[in-house]
Amino acid sequence: MADRAKYMTLVLALYAVAIAVIIAAVSTILDRSFLDSVVNLAPAIIFGLIGMIAHGARHDLDS
């Protein structure tokens, strides 16, 4: 169980870094502040996070 928790923590951390990089790139291209972009994209970020956790849990239950 501890290995699965470590793996999920790693995946979520990589997700956060990837989303931050993508939002930073979009903010730079559109010349907007990072915080404004995060607030506008918050629903998509949250739904993506929930989807990733549900997908990971489904795979975890299959094994």
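Position 1 is the first residue of the sequence; numbering continues from there. Note that the structure is predicted; figures quoted are calculated from it, not measured.
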Worksheet item: Crowded around Phe34 CZ? As in, over 12 foreign heavy atoms under 6.0 Å?
Response: yes
Worksheet item: Are the side chains of Val11 and Tyr15 in touch, meaning some heavy atoms are under 4.5 Å apart?
Response: no
Fill in: Cluster overlap Ile19 with Met52, hydrophobic side-chain contacts below 4.5 Å
yes
Discussion item. For the OG1 atom of Thr28 and the CD1 atom of Ile23, what is their distance to the nearest 0.5 Å?
Written reply: 11.5 Å
Scan the side chains in residues 35-44 for donor-acceptor partners under 3.5 Å anywhere in the protein, sequence neighbours excluded, and list what turns up.
residue, atom, partner, partner atom, Å
Asp36, OD2, Ser33, OG, 3.0
Ser37, OG, Ser27, OG, 2.8
Ser37, OG, Ser33, O, 3.3
Asn40, ND2, Asp36, O, 3.3

Fill in: Euclidean distance, Leu12 CG relative to Leu49 CG, rounded to 0.5 Å
6.0 Å
Worksheet item: Quick one: hydrophobic cluster around Leu10, which other residues, with the 4.5 Å side-chain cut-off, linked directly or via members?
Response: Leu14
